[in-house]
Amino acid sequence: MIKIYNTMTQKKEIFKAMHENRVKLFVCGPTVYDDSHIGHARTYISFDVIARYFKYRNFSVFYLQNITDIDDKIIKRALQLGVEPVELARKFERRYLEDMHLLGVENVNFYARATEHLPEIIKQIETLIDKGFAYETETGVYFDESRVEDFGKLSRRNVEDLTVHRVNLDKTKRNPGDFALWKKRDEKPVWDSPWGLGRPGWHIEDTAITEEYLGPRYDIHGGGLDLIFPHHEAEIAQMEAVSGEKPMVRYWMHTGFLNVSGEKMSKSLGNFITIRDLLKEYEPEVFRFFVLSTHYRSPIDFSESALEQSKNSLERIYKLVETINERIKADISQPNQEDDISQKNQEDDISQKNQKDDISQLNQKDVDYNNKLRDAKNKFLKAMDNDFNTPDALSVIFNFIRDINRGINNGDISKNVLIEVKKFLMEVGDILGFDFSRKTGADDKTTDLVEVMVEIREKLRERKDWELSDLIRSKLRDLDIILEDK
RNA sequence: GCCAAGGUAGCUUAGAGGCGAAGCGGUGGACUGCAGAUCCACUACACGUGAGUUCAAAUCUCACCCUUGGCUCCA
């Protein structure tokens, strides 16, 4: 069973879906006024893995994300650049989706734009007014925070503490903490509404969208830590007032911040890194590994050396898969028993299964390694079940890798076991979002050319012409082609 | 001030009452024509400080020190 840390209760809870094995997941998307940064990437990679793991655990996941494409920041930015706000929003939305694709974040089922849900937004506001939770003034429609007794339950705040901070206090509001549902505006872009021309407030789009696609109550709502207050608090107040049903969300999940060299990332500090800049320097999978090497709720510190470490660690896994591929390919003497091997990916007991199927083919070493494999699999799942503890899960994998490498060195592992090991590693890759059977990145002609060079070098080595063969190796290395002798 | 999250080996991170973790880095060894990869060993007396509870504390309790974040723009 999967345990999830719930921000609402501040405890790990056993996950129980509302409807059998279906998970309804909503994660707050970006406001598309600029290129997304590596903090966004951290959050969305984390939830990508969470969605992947639910699927692996046989849940049917509906993962919904909103796109905030109308907002003061967008308008301000568009004004600076002299473009239409809608144009600007579409451009950065497109770039956001490109970034996500490059990062291998591909489990969102549906992206919902705020501007395409104006009827739903207006309907929710009307309901809130009808029920007495919202009121209209000359400047807009506001949510009456004083009507909600448990306001602040997610962030554990007293409403009284919050009144001090507001800078531009709108005098038409009843309470300083009341937030805008509808902003009356004249300058475009504006939409028509029962309260005249204007734009929706920030919080209402999410509840309008989630009610539309997920209903008034659903399983999981995620986002960055910074959204807890006021955004998620406002969402709870709105949705629970609209529907009269509680709780709006059963599990609240929040990702920790990404800092850069120990400091908060911000434009003013000049340490603001966009995903596009990141990907000029590092492979997407290296960044993904970096993200997963820290628990999703913990703060994570981005630095060049941390990324170097991630790169080297990841290399260790790739190397093993490569080695296994070569061993399997080289070992043609043993017939392939792959047809026997179950496609089921849960913790099925491989050693018992094989023993039953064909006990004569297995020696004691195979049994031992199959036990190690089963053990690693169980531990990996246990770590992931425990609030998606990817660092723990990775350490299980590295322990397993050392065992397997030792076995390969000693010649203790049969081809059949290696096939199973590879299958497991590929499965792990699917869950975490890595392709461990890495493509070379070279075209066919290049590959052929390298093959020719290798062949020539082998001849030279047979003749013990170390000088020339080393020269070939070092020249190839200059071209980023690494040659390693067995 | 209020609300959080932390301080674990040189670095990055797990763990959360008993069996000393993982990766990275460094050093030495095995293997190799050399190199790389891999393995082994060391680095290593790991848990911020001081008390307390307990047969037993990184883990629970209290106090203190330090770091970071949030407190109506935010992933």
Side-chain angles (χ1 to χ4, degrees), chain A residues 7 10 27-31 33 36-47 68 71-73 76 145 152 155-158 160-169 176-180 202-203 222-231 233-234 254-259 262-266 289-290 292-295 297-301 303 305-320 322-323 383 386 389-410 461 464-467 469-470 473-474 477 482-486:
Chain A
T7 309
Q10 295 185 303
V27 175
C28 288
T31 301
Y33 72 104
S36 299
H37 54 69
I38 55 178
H40 294 105
R42 194 266 167 110
T43 292
Y44 299 129
I45 288 171
S46 296
F47 281 104
T68 303
D71 173 271
D72 289 346
K73 281 200 292 284
K76 191 180 160 197
E145 196 186 80
S155 56
R156 269 156 276 278
R157 282 167 210 236
N158 308 315
E160 302 85 65
D161 295 343
L162 305 173
T163 57
V164 200
H165 299 285
R166 183 169 274 283
V167 187
N168 299 317
L169 189 61
D178 290 353
F179 51 89
W202 176 35
H203 314 299
L225 204 64
D226 46 348
L227 296 179
I228 293 176
F229 189 89
H231 187 52
E233 211 68 79
H254 292 98
T255 53
F257 279 117
L258 181 147
N259 297 317
E263 288 179 307
K264 186 188 173 178
M265 181 169 57
S266 75
F289 187 94
F290 163 73
L292 300 183
S293 64
T294 301
H295 186 86
R297 278 189 282 114
S298 302
I300 186 169
D301 194 39
S303 66
S305 77
L307 270 280
E308 272 311 306
Q309 288 191 16
S310 295
K311 187 182 168 209
N312 293 338
S313 305
L314 190 57
E315 196 63 30
R316 202 173 160 76
I317 309 178
Y318 282 123
K319 274 278 193 293
L320 176 58
E322 219 175 284
T323 305
N386 182 18
N389 194 332
T390 51
D392 194 11
L394 286 171
S395 93
V396 171
I397 296 306
F398 282 114
N399 274 320
F400 178 64
I401 285 177
R402 191 175 352 91
D403 276 346
I404 298 304
N405 272 325
R406 193 188 295 135
I408 290 174
N409 279 359
N410 298 342
R461 290 183 71 218
K464 300 201 189 301
D465 190 339
W466 309 127
E467 200 181 322
S469 56
D470 285 354
R473 185 167 61 189
S474 78
R477 180 181 289 269
I482 311 294
L483 218 63
E484 292 170 3
D485 297 322
K486 287 295 143 227

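Labels below follow one simple rule: chain letters A, B, ... track the order of the sequence lines, proteins then strands, and each chain is numbered from 1. Side-chain atoms are counted along with the backbone in the values below, which use heavy atoms only and exclude waters and symmetry mates.
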Work out how far the [atom1] atom of [N] is from that of [M], and round it to whole angstrom.
N: rG10(B); M: rC71(B); atom1: C1'; result: 37 Å
N: rA58(B); M: rA16(B); atom1: C1'; result: 8 Å
N: rG23(B); M: rC42(B); atom1: P; result: 14 Å
N: rA75(B); M: rC64(B); atom1: P; result: 37 Å
N: rA44(B); M: rU8(B); atom1: C1'; result: 12 Å
N: rG6(B); M: rC19(B); atom1: C1'; result: 27 Å
N: rG7(B); M: rC47(B); atom1: P; result: 13 Å

Do [X] and [N] share a donor-acceptor pair, side chain to base, under 3.5 Å?
X: Asp470(A); N: rG33(B); answer: yes
X: Asp485(A); N: rC34(B); answer: yes
X: Arg473(A); N: rC34(B); answer: yes

By a 5.5 angstrom centroid cut-off and a 30 degree plane limit, is there stacking between Trp466(A) and rG33(B)?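 Trp466(A) vs rG33(B): stacking yes.
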Which atom names give the shortest non-hydrogen contact between [X] and [Y], and what distance separates them?
X: Pro299(A); Y: Asn259(A); value: CB-ND2, 4.3 Å
X: Thr390(A); Y: Leu292(A); value: OG1-O, 2.7 Å
X: Ser155(A); Y: Phe229(A); value: OG-CD1, 3.4 Å

Rounded to whole angstroms, how far apart are [atom1] on [X] and [atom2] on [N]?
X: Phe290(A); N: rC24(B); atom1: CZ; atom2: P; value: 17 Å
X: Phe257(A); N: rC73(B); atom1: CZ; atom2: P; value: 13 Å
X: Phe229(A); N: rU72(B); atom1: CZ; atom2: P; value: 7 Å
X: Arg402(A); N: rA21(B); atom1: CZ; atom2: C1'; value: 10 Å
X: Arg477(A); N: rG36(B); atom1: CZ; atom2: C1'; value: 7 Å
X: Ile228(A); N: rG69(B); atom1: CD1; atom2: C1'; value: 11 Å
X: Lys319(A); N: rG36(B); atom1: NZ; atom2: C1'; value: 8 Å
X: Glu263(A); N: rU68(B); atom1: CD; atom2: C1'; value: 11 Å

Minimum side-chain heavy-atom gap [X]-[Y] below 4.5 Å:
X: Leu320(A); Y: Ile408(A); result: yes
X: Phe179(A); Y: Pro230(A); result: no
X: Gln309(A); Y: Asn312(A); result: no
X: His37(A); Y: Leu258(A); result: no

Relative to the 5' end of RNA chain B, which residue comes earlier, Thr323(A) or Gln309(A), by the nucleotide with the nearest heavy atom? Gln309(A)
5′-ward residue of the pair Glu308(A)/Ser303(A) relative to RNA chain B: Ser303(A)
When you look for runs of 3 or more Watson-Crick or G-U pairs in a row, both distances below 3.5 Å, which of them include RNA chain B? B:1-7 with B:65-71, B:10-13 with B:21-24, B:25-30 with B:38-43, B:48-52 with B:60-64
Using the side chain to side chain contact (heavy atoms under 4.5 Å, CB included) rule, take Arg477(A) and Leu483(A) through it: C-alpha gap first, then chi angles, then the decisive distance, then the call. CA-CA 7 Å; Arg477(A) 180 181 289 269; Leu483(A) 218 63; over 6 Å; no
Please confirm whether the shortest side-chain N or O distance from [X] to OP1 or OP2 of [N] is below 4.0 Å.
X: Arg316(A); N: rC39(B); value: yes
X: Asn409(A); N: rU38(B); value: no
X: Asn405(A); N: rA37(B); value: no
X: Arg297(A); N: rG6(B); value: no

Indicate, with a heavy-atom threshold strictly under 4.0 Å, whether Gly223(A) touches base, sugar-phosphate, or nothing. sugar-phosphate
Answer yes or no: is there a donor N or O on one side and an acceptor on the other, between the side chain of Arg297(A) and the main chain of Leu225(A), under 3.5 Å? no
What does the list of N/O pairs under 3.5 Å between the protein and nucleotides 13-15 of chain B look like, with a distance for each?
from	atom 1	to	atom 2	distance (Å)
rU13(B)	O2'	Ser293(A)	O	2.9
rA14(B)	OP1	His295(A)	N	2.9
rA14(B)	OP1	Ser298(A)	OG	3.1
rA14(B)	O3'	Asn389(A)	ND2	3.1
rG15(B)	OP1	Asn389(A)	ND2	2.5

Picking from [options], which would you name as closest to the side chain of [X]?
X: Lys73(A); options: rA22(B), rG23(B), rC73(B); answer: rC73(B)
X: Asn259(A); options: rC34(B), rG25(B), rU68(B); answer: rU68(B)
X: Lys264(A); options: rC39(B), rA75(B), rG70(B); answer: rG70(B)

Between Asn399(A) and Arg402(A), does a side-chain hydrogen bond (donor to acceptor under 3.5 Å, both in side chains) hold up when you go through it step by step? CA-CA 5 Å; Asn399(A) 274 320; Arg402(A) 191 175 352 91; 2.8 Å; yes
Residue pair Phe257(A), Lys264(A): steps toward the side chain to side chain contact (heavy atoms under 4.5 Å, CB included) verdict: CA-CA 8 Å; Phe257(A) 279 117; Lys264(A) 186 188 173 178; 5.7 Å; no
